[in-house]
Colleague: 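My questions will all concern the structure given below.
Just so it is clear: chains get the letters A, B, ... in the order the sequence lines come, proteins before strands, and each one is counted from 1.
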Amino acid sequence: MAQQNHLYLVDGSSYIFRAYHRLPPLTNPEGTPVGAVYGYTTMLWKLADDLHKADGPTHMAVILDKSSQSFRNELYDQYKAHRPEPPEDLRPQFPLIRDATRAFSMPCIEEDNVEADDIIASYAKDALAKGWKVTIVSSDKDLMQLIQPGLDMLDTMKNARLGPEAVMEKFGVTPEQLGDVLALMGDAVDNVPGIRGIGPKTASKLIVEHGDLESVLAAAPSMKPSKMRESLIEQADMARLSKVLVTLKDDCPLPNELDDFLLKDIPPEPLAAFLTKHGFTSLLRKLGASGPADAAPTPSGAANDVPRSDNAIAPQPLSMPTINVDDYVCVQDAETLDAWIAKARAEGMAAVDTETDSLDSMQAALVGVSLAVAPGEACYIPLGHGGTDMFAEKPRQLPFEEAVARLKPLLEDDAVLKIGQNLKYDLNVLARHGIHVSPIDDTMVMSFNLDAGHEFGTGGHGMDALADRHLGHTCISFKSLTGTGKKQIGFNEVPLADATRYAAEDADVTLRLWHVLRPRLPIEGATRIYQNVDRPLIPVVAGMEREGIKVDREQLAALSQDFATRMAALEGEIHELAGQSFSIGSPKQLGEILFDKLGLKGGKKGKTGAYSTDVTVLEKLAGEGSEISRKVLDWRQLSKLKSTYTDALQEQINPNTGRVHTSYSLVGAQTGRLSSTEPNLQNIPIRTEIGRQIRHAFVAEPGNVILAADYSQIELRLAAHMADVETLRDAFAKGEDIHNRTAQELFGEVNRDTRGRAKTINFAILYGISRWGLAGRLEVSADEAQAMIDTYFQRFPGINRYIAETVEKARECGFTETLFGRKTHFPRINSKNQAERQGSERAAINAPIQGTSADIIKRAMVRMGPALEAAGLAHVRMLLQVHDELVFELPESDVEAASAVIRQVMENAAEPAVTLSVPLGVEIGTGPSWGAAH
DNA sequence: GCACTCACG
DNA sequence: GACGTACGTGAGTGCC
C-alpha cells in the first residue's frame, strides 16, 4: 500500500522576516550577515528530517515572493504601499535563501506578478483535488484561511501544528469565516484598509454574531447608533475591497507539476558546500554524521554500490558507478542488439549518440550508434567501419539496413525517452535514414537553460566541458583516435575497440549528465523554458536545417564577377593615390599609408599600437575630402560581399539537395537567441542596395514563392511593456511610427534629423545607455547626450525604474530573467573592475528584452507546424529564422491562407503564458526571392 | 590563434 | 583622474 502523498509548501519569505528578528546577527566567513539564513537552513533541515516518518512530507517546495506587484495593486493602488524597506543587514540574505533551498536540492518557486500566498493556495488546491495531504509551513494569518480537512499549517518556530481549532482560538471563527474577519479589521502592514476603528476583537464579534461580512454590512443600519455603525455604513465598500485583497487567489498558472516536488534523499555534496561557505559548522558536523533524511546517496533509479566518501564535498554524485571505458560492449550481432533494445525499453529511457564521418549533419555518413541504458551500461553498434577501401576486409558488424530497421522502433517509441547531447545533430543524421526520433531530452540545451552566461572556461555547454564540470571526468578526445591535420583519418577507420570506448563513453556520459541536470530544472526554475520552449524547438529547428533554401548559383557567380571587376579598378586607383602598391586588406599597411605616408590626421589605438582604420574613421576622413578613404570604403564593401557571400555561398550548396543548409546553434547566444553557422544565414546583407542584391539570389522553387514575416519593432514594444511606459504603449496601440513619436516627445518636432536621433536613442536605451556612447553616436558632447537621456527618462517614465530594477536584480541574484523565465547569468556584475562591471550591467539591461523577443519567436516556431497543418497547409515550409523574422517557401496558391495563419501564430505567440500590454505587429511580404519578399 | 573589420537583428 | 565607451552574433583576412 503506497503511502499517501503529503505536500509541504514552505512560505519562505515570511519565514525569513521572523527568523531575522529572532536570531542573533551572525555573519559568514566573508562577512555577509547570515543570521536569518541560518534560521531558515535549520528549519529546512528539520522538515527534511521528517521524510520517511509517518505523516512526514513526500513532496516539498519553497515558495518565495518575487515581486510585491500583483493583481491587488491594480485593485487598490495603496496595497502594500507603506511597507518599510527591509533592514540593511537583511537584504543581502534574500538571495541566500535561494542558495539554501538549492543546497537541499529542493524546488524554489517564484513568479512575477503573483504573491507567494496565491501560489501556495493554488498548489494546495491542486494537491487536495488529487487527494493529497497538504501542510503549509508558515504562521501567516492570511494563509490560515486555507485550513480545512486534509490541510493544516506548521509553525516551525513554535513547533506547532495549526488546525481549525487554532483559528478558533485566535480569531473565534472558523477558517471559512476568517477572510471576513480580516476584511473588517484590515492590515496595517499590507495597508489593507478594513474599517477604521474595528480591530480583531470587534471584527470577530461581528462575524460571529452575523455570520459573514455581507450580513454585517446589511445589518449595520439597524445597529444602535455609534461610531462603529457610522463607520460600517460609510466604509462598506472599503470592507468589500479589503475582502478581495485578503482572499487568496487559488487559480494561478503554476510553473511546475506537483510531481516535480517529489522529495528525494538529499545529495550531501551541494549541502555540504553551502554549509561550509557560510560557516554553519555545527550543521556540517551533523551532515557528516547522518544528514537530513539520512542524506542517503541514492537518487532513484541509479545503481548504488559505492561507499560514502568521508570527504563531504565529493567531486562526483555518489550514486553513479565510476566510469570505466573497458566495460562497454561492442554490438556485432542481432541478438545482442535486441537485448540492448529490450533493456532500453525496460528502463524507459536511453542515451543515444551517433558517430559519423563529418560535422555537417546534412552530409555525414552514419558510421555507428551508441546507446547507454544506465550509468556505466553502454554499448556501441558499428555500422560503417572498415574505411573506404572496397577490397579490404571489414570488421564484423551488423548489416547497415538491418541494424537501422531494428533501432527504428526503439528510437520512435513514445514510451522511451531518448537522451542526447546536442541531439539536433543526431536527429538530422537519423532523419536522413527515415528515423524520426521522439520523445527527446537534450543535456546541452538543459545546461544552457540552467547556466547561460556562467563562465566555465572553454567549451561552454559542450560535452567534454560538461563531463569535466559535473562528473569530474575527462572524456576520451576525438583527436586521440583520428589524429589531426593531414594524417587525420575518418571515424570509420578507427579500430572497433577504440571506437567502442569512445562512442559508448559519449552515451554513458550523456546519460549521467542527464541524471545531474534533469533534477536541477525544477529546483532552479528552468522547467518552464526548457519544457515549453527550447526542448520542443529542437525538432523544429532540425527540420528547418534539413529543408535548406535554394540559392541561384549563376546569379551569385555573376555578382562575384561584377564585384571582382570593380575591385580591380578601385585597387588601381587606390595604389595610384597612395603612390605605391600595398595590400588594401591589411589594416596595418593601410593605416601606415594613410597616416604616416599621406599625413592624414587620426590616432593610434589600443594594445597593438596599430592605427584604427574602421568604417567610422574612414567615413570621417572621406567626409573631410580624402578621396583615397572613400575608395577604400567602397573596396572594402565589395571585398566583404564577395568573399563572405557571393563566393562563399556557392561553395555551401549541398550537392545532394542543391540547397544551402545552415546549422543553427540552440545555445550560441547568452540571451536565448539562435545563432547560425556554416553558412551564417542571419547576416545576409540588406542595408545597402549593393548588398541587397545577394538576397535576390535566395529563391523559391518553380511554382513557389518566398514569404518573409517580420515582427515590427518587437524589442521596443517589449521594452514598453516591461518598463510599463504609457506613452510608448499608447503609440504602439495607435500604430504610430515609434521613432517619430520619440522625436516629438524629445525634440518637439519631427523631421529627418530628429527622427534619426530619436531612433539612435531608442536603440541606446535597449542596449543600456551611457552618455559617452550616445555622445559618440550622435556626435554631440557628453553633456548634451546626458541632457537627452534625462529628457528621455522624464518623457518616458518607467524606463529609468526598469533599468535600475534590472541591474539591481542582476547584482543580487547574479542573473536576469525573461518574461518566460529564461535566465541569463552575469558573473561579473559585481566585479571591482569598472569596465567589466559596467559592461555586465549594460548586457543585463538588454538581456531580458532581447531574450523575451527570442522566447516569443521560438514559441511561434514551435506552434507554426501544427497550425499550418491544421489549416491544411502542409506544403508551407519554414526555412529560416533571423531573430525577428521567419522565412517560408510555399506554393503560390497558398500565399493568402498561409499569411493569415503565420500572422495569427506570430502575433499571439506570447499567449497564454504572458499577456502583453502592447500588440505585436507582424509585416509579411512575398516574392520570387528573399530580396523580393521584403 | 588573435586582432581587426564588417555583415545582420 | 583615468578608464573606455551601446546589446547580441559569425566569418574572412592578415599576421605572428
Colleague: Looking only at the side chains, is there a donor atom on one of Y530(A) and D442(A) sitting less than 3.5 Å from an acceptor on the other?
Modeller: no

Colleague: Applying the side-chain contact (heavy atoms from CB on, under 4.5 Å) test to E889(A), which of I549(A), L879(A), L880(A), V699(A) qualifies?
Modeller: L879(A)

Colleague: When you measure from every atom of DNA chain C, which of residues 843-855 of chain A have a heavy atom less than 4.0 Å away?
Modeller: A843(A), N846(A), Q850(A)

Colleague: Assess whether one donor atom and one acceptor atom, taken from the side chain of R687(A) and the base of dA7(B), lie less than 3.5 Å apart.
Modeller: no

Colleague: Any protein N or O atoms within reach of nucleotides 13-16 of chain C? Criterion: under 3.5 Å, listing atom names and distances.
Modeller:
{"residue": "dG14(C)", "atom": "O3'", "partner": "S586(A)", "partner atom": "OG", "Å": "3.2"}
{"residue": "dC15(C)", "atom": "OP1", "partner": "S586(A)", "partner atom": "OG", "Å": "2.6"}
{"residue": "dC15(C)", "atom": "OP1", "partner": "Q589(A)", "partner atom": "NE2", "Å": "3.3"}

Colleague: Of the nucleotides dT5(B), dG8(C), dA6(C), which one has an atom closest to the side chain of A764(A)?
Modeller: dA6(C)

Colleague: Using purine N1 to pyrimidine N3 plus N6-O4 or O6-N4 for Watson-Crick, or N1-O2 and O6-N3 for G-U wobble, each under 3.5 Å, what pairs with dA3(B)?
Modeller: dT13(C)

Colleague: Determine whether D724(A) and Y802(A) satisfy the following criterion, side-chain hydrogen bond (donor to acceptor under 3.5 Å, both in side chains), listing intermediate values before the conclusion.
Modeller: CA-CA 8 Å; D724(A) 197 19; Y802(A) 167 81; over 6 Å; no

Colleague: Between G668(A) and L774(A), which is nearer to the 5' end of DNA chain C once each is assigned its nearest nucleotide?
Modeller: L774(A)

Colleague: Could you check whether any side-chain N or O of R695(A) sits under 3.5 Å from a backbone N or O of P685(A), counting only pairs where one atom can act as donor and the other as acceptor?
Modeller: yes

Colleague: Find the distance R842(A):CZ to dG8(C):P and express it as a whole number of Å.
Modeller: 9 Å

Colleague: Classify the angle between the aromatic ring planes of H461(A) and F448(A) as parallel (below 30°), tilted (30 to 60°) or perpendicular (above 60°).
Modeller: perpendicular

Colleague: With respect to the side chain of D884(A), which nucleotide from dG4(C), dG9(B), dG10(C) is positioned closest?
Modeller: dG9(B)

Colleague: How many whole angstroms separate atom CG of L880(A) from atom P of dG10(C)?
Modeller: 16 Å

Colleague: From C-beta outward on S675(A), which listed nucleotide comes closest to its side chain: dA7(B), dG12(C), dT9(C)?
Modeller: dT9(C)

Colleague: Does OP1 or OP2 of dG10(C) have a side-chain N or O of S676(A) closer than 4.0 Å?
Modeller: no

Colleague: Do the rings of H454(A) and H825(A) sit parallel, tilted or perpendicular, given the 30° and 60° boundaries?
Modeller: parallel

Colleague: Write down the partner of dC3(C) under the Watson-Crick or G-U wobble criteria, each distance required to be under 3.5 Å.
Modeller: none

Colleague: Rounded to the Å, how far apart are I769(A) CD1 and dT5(C) P?
Modeller: 17 Å

Colleague: Side chain of T644(A) only, please: which of dC8(B), dC6(B), dA11(C) is the nearest?
Modeller: dA11(C)

Colleague: Check every strand shown and say whether Q838(A) touches a base, only sugar-phosphate, or nothing at a heavy-atom separation below 4.0 Å.
Modeller: nothing

Colleague: When all nucleic acid strands are considered with a 4.0 Å heavy-atom cut-off, which category describes G691(A): base, sugar-phosphate, or nothing?
Modeller: nothing

Colleague: With a cut-off of less than 4.0 Å, is there a side-chain N or O of R673(A) near OP1 or OP2 of dG9(B)?
Modeller: no

Colleague: How many Å lie between CG on D634(A) and C1' on dC6(B), as a whole number?
Modeller: 15 Å

Colleague: Looking only at side-chain atoms of K640(A), point me to the closest of dA7(B), dG12(C), dC8(B).
Modeller: dA7(B)

Colleague: How many Å lie between CD on Q637(A) and P on dA11(C), as a whole number?
Modeller: 20 Å

Colleague: With heavy-atom distances below 4.5 Å as the criterion, would you say the side chains of D534(A) and R822(A) are in contact?
Modeller: yes

Colleague: Using whole Å, report how far CG of L638(A) lies from C1' of dT5(B).
Modeller: 15 Å

Colleague: If you look at every strand shown and take non-hydrogen atoms under 4.0 Å, does N680(A) touch a base, only sugar-phosphate, or nothing?
Modeller: sugar-phosphate

Colleague: Indicate, with a heavy-atom threshold strictly under 4.0 Å, whether I765(A) touches base, sugar-phosphate, or nothing.
Modeller: nothing

Colleague: First locate atom CG of L886(A), then atom CE of M864(A), and finally report the distance between them rounded to the nearest 0.5 Å.
Modeller: 5.5 Å

Colleague: As an exercise, state the distance from CG of L774(A) to CZ of F763(A), rounded to the nearest 0.5 Å.
Modeller: 13.5 Å

Colleague: Assign T760(A) to base, sugar-phosphate, or nothing according to its heavy-atom contacts below 4.0 angstrom with the strands shown.
Modeller: base

Colleague: Atom CD of Q850(A) and atom OG1 of T818(A): how far apart are they, to the nearest 0.5 Å?
Modeller: 11.5 Å

Colleague: Any side-chain N or O of R777(A) under 4.0 Å from OP1/OP2 of dA6(C)?
Modeller: yes

Colleague: So, Y767(A) and dC7(C): ring centres less than 5.5 Å apart, planes less than 30° off, yes or no?
Modeller: yes

Colleague: Considering every strand and a 4.0 Å limit on heavy-atom distances, what is the contact class for E715(A): base, sugar-phosphate, or nothing?
Modeller: nothing

Colleague: Is a donor on one side and an acceptor on the other found under 3.5 Å between the side chain of Y792(A) and the backbone of N762(A)?
Modeller: no

Colleague: So for Q834(A) and dC3(C), does any side-chain atom that can act as donor or acceptor lie under 3.5 Å from a complementary atom in the base?
Modeller: yes

Colleague: Nearest whole angstrom, please: distance from the C1' of dC8(B) to the CH2 of W930(A).
Modeller: 9 Å

Colleague: Crowded around R837(A) CZ? As in, over 12 foreign heavy atoms under 6.0 Å?
Modeller: yes

Colleague: Rounded to whole Å, please give me the gap between CD1 in I714(A) and C1' in dG8(C).
Modeller: 15 Å

